Amino acid sequence: MSTLKSADGTTIAFEAWGEGRPLIMVDGATAHRAVNPANAEVAKLLSDEFRVYAYDRRGRGESTDTAPYAIRREVEDLAALIEDAGQPAIVFGWSSGSLLVLDAAAAGLPISALTLFEPPVVVDDSRPPLPSDYVEQLDAFVAAGQRDKAAELFMTAAAGMPAEFVAGIRQSPYWAPVEDIAPTISYDGRIMGTTMSGNPLPADRWAAIDVPVLVMHGDKTAPWLVSGAEAMAAHLRTATLKPVPGENHSTEPSVLAPVLRQFAHEV
């Protein structure tokens with residue numbers, strides 16, 4: 001493991017594999033290196049040609065945190081990783097991490113291309129929208145020491161899991177790591193903003209992006225994630241849409257790595 005300092009002094013923990021063009025993997029809500037081995041596995045598959053970074057977003061895993069939170073702080077974290085890489089990077093975002101990497105590119109970071117996997121935007125009535133006070137509810141639960149309630153709200157309201165399914169997860173080994181990082185769930189809520197409201201995507205938020213963007217979705221995923229990926233690809237003027245056969249809201253490293261390699265060659 002290596003570490004670096006972000007602009008506000010936050011310590012960001014990361015690992016990097018290989019040499020060559022930099023590719024940075026950005027997790028979505030609740031994920032970090034200890035619970036998502038997929039990034040490391042993708043990195044090893046691509047390490048013959050790329051220098052691939054996997055890192056813990058602030059407040060998770062072995063990274064520290066600094067209050068107050070702002071989306072621009074996570075953009076600065078990415079900027080520090082790109083600076084470590086020493087040249088413009090291809091940046092990949094899982095789920096809500098997709099919107100973070102879009103914000104980073106729109107902010108002018110030295111990013112050569114973007115790859116997004118199932119940005120979880122809600123642009124129609126294919127599922128209930130996120131509650132308008134979702135972030136406020138999360139913050140209130142965390143402030144009251146009810147991390148379990150924050151985790152449950154994320155799983156039901158954002159991820160769309162049935163309550164009875166979440167009750168089963170509470171009894172599984174997966175639950176404790178989610179509770180541990182519950183204070184950061186609202187970070188992704190802030191990043192999502194109004195994009196899960198059922199309304200069209202914001203007109204100006206990513207208008208400055210002029211690098212190639214690949215928007216992916218599994219062809220076995222939930223219908224609302226398909227329509228969200230399609231809407232995002234149509235919304236971004238430099239984007240291409242790619243369905244990934246056989247996959248859902250997660251995908252196997254052995255499937256993802258060749259897609260990333262091909263896209264990098266094309267750009």
Side-chain angles (χ1 to χ4, degrees), residues 6 8 10 26-32 35 56-61 63-78 93-104 106-107 118-167 169-170 174-206 222 224-225 228 231-232 235 249:
S6 191
D8 68 347
T10 299
V26 181
D27 276 316
T30 77
H32 53 90
V35 299
D56 294 336
R57 286 174 53 189
R58 58 175 53 214
R60 304 181 195 171
S63 291
T64 63
D65 205 355
T66 305
Y69 178 79
I71 298 171
R72 69 178 180 277
R73 297 304 183 199
E74 291 217 63
V75 171
E76 290 167 354
D77 300 345
L78 263 175
W94 292 105
S95 191
S96 56
S98 295
L99 275 72
L100 173 58
V101 307
L102 287 170
D103 284 347
E118 296 199 354
V121 298
V122 181
V123 294
D124 53 28
D125 60 359
S126 57
R127 57 149 282 175
L130 207 60
S132 60
D133 62 344
Y134 172 70
V135 169
E136 290 77 11
Q137 288 188 58
L138 289 170
D139 287 344
F141 284 138
V142 171
Q146 297 176 308
R147 293 188 174 198
D148 60 326
K149 295 291 188 182
E152 184 174 351
L153 179 63
F154 163 72
M155 291 182 178
T156 54
M161 296 181 187
E164 59 271 20
F165 187 71
V166 175
I169 295 177
R170 278 178 170 269
Y174 176 72
W175 186 257
V178 177
E179 271 199 41
D180 286 344
I181 56 80
T184 73
I185 296 174
S186 68
Y187 299 176
D188 288 81
R190 287 174 166 84
I191 290 167
M192 296 308 297
T194 62
T195 64
M196 295 186 75
S197 65
N199 296 312
L201 292 168
D204 299 328
R205 182 170 171 183
W206 306 300
W224 71 272
L225 288 166
M232 184 65 79
H235 185 70
H249 198 51

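None of these values were measured; they are calculated from a predicted model.
Using modelled atom types, one finds no donor on one side chain facing an acceptor on the other under 3.5 Å when comparing Ser63 with Asp56. A donor and an acceptor atom, one from each side chain of Thr66 and Thr10, are located under 3.5 Å apart.
In this structure, Tyr174 OH and Ile169 CD1 are separated by 7.0 Å, a value rounded to the nearest 0.5 Å. With values rounded to the nearest 0.5 angstrom, Met232 atom CE is found 12.5 Å from Glu118 atom CD.
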Using the side-chain contact (heavy atoms from CB on, under 4.5 Å) rule, take Arg73 and Ser6 through it: C-alpha gap first, then chi angles, then the decisive distance, then the call.
CA-CA 8 Å; Arg73 297 304 183 199; Ser6 191; over 6 Å; no
If you apply the rule side-chain contact (heavy atoms from CB on, under 4.5 Å), what do you find for Val26 with Glu74, and how did you get there?
CA-CA 11 Å; Val26 181; Glu74 291 217 63; over 6 Å; no
For a salt bridge (Lys or Arg N to Asp or Glu O under 4.0 Å) check, start with the C-alpha distance between Asp8 and Arg72, then their side-chain angles and the critical distance, and finish with the verdict.
CA-CA 11 Å; Asp8 68 347; Arg72 69 178 180 277; over 6 Å; no
Which is it for Lys149 and Leu138 under the side-chain contact (heavy atoms from CB on, under 4.5 Å) test, yes or no, and what are the steps along the way?
CA-CA 8 Å; Lys149 295 291 188 182; Leu138 289 170; over 6 Å; no
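Minimum interatomic distance between Leu78 and Ala104 (heavy atoms only, all atoms of both residues): CD1-CB, 3.8 Å. The shortest non-hydrogen separation linking Ala150 to Val142 is CB-CG2, 4.1 Å. Taking each heavy atom of Arg127 and Ala157 in turn, the nearest pair found is NH2-O, 2.7 Å. Shown here for Thr30 and Ile181, the closest heavy-atom pair between the two residues is CA-CD1, 3.3 Å. Between Ile185 and Phe154, the shortest heavy-atom distance links the atoms CG2-CB, 3.7 Å. Taking every heavy atom of both residues into account, Ala158 and Met196 meet most closely at O-CE, 3.7 Å.
Side-chain contact between Thr195 and Val122 is absent, with no heavy atoms from C-beta onward closer than 4.5 Å. For the pair Ser96 and Met192, the minimum side-chain heavy-atom distance is below 4.5 Å. At least one side-chain heavy atom of Asp139 sits less than 4.5 Å from a side-chain heavy atom of Arg190. Arg57 places none of its side-chain heavy atoms less than 4.5 Å from the side chain of Thr184. The shortest side-chain heavy-atom distance between Leu99 and Trp206 falls under the 4.5 Å cut-off. Contact annotation: the side chain of Leu225 approaches that of Pro120 to within less than 4.5 Å [non-hydrogen atoms, C-beta and beyond].
A donor-acceptor distance shorter than 3.5 angstrom exists from the side chain of Ser197 to the backbone of Asn199, with no hydrogens or angles considered. Looking at His235, its side chain does come within 3.5 Å of a backbone N or O of Pro202 through a donor-acceptor pair. Although no hydrogens or angles enter the test, the distance criterion places a donor-acceptor pair under 3.5 Å between the side chain of Arg147 and the main chain of Asp180. At least one donor-acceptor pair under 3.5 Å links the side chain of Ser98 to the backbone N or O of Gly93.
Between Arg58 and Asp77 there is a salt bridge, since at least one side-chain N of the basic residue sits less than 4.0 Å from a carboxylate O of the acidic one. Salt bridge Asp148/Arg170: present, at least one basic N to carboxylate O contact under 4.0 Å. Salt bridge Asp65/Arg60: absent, no basic N to carboxylate O contact under 4.0 Å.
Between Tyr187 and Tyr69, the two ring planes are parallel [angle under 30°; tilted spans 30° to 60°].
The environment of Asp133 atom CG is dense: over 12 non-hydrogen atoms of other residues, nucleotides or ligands sit within 6.0 angstrom.
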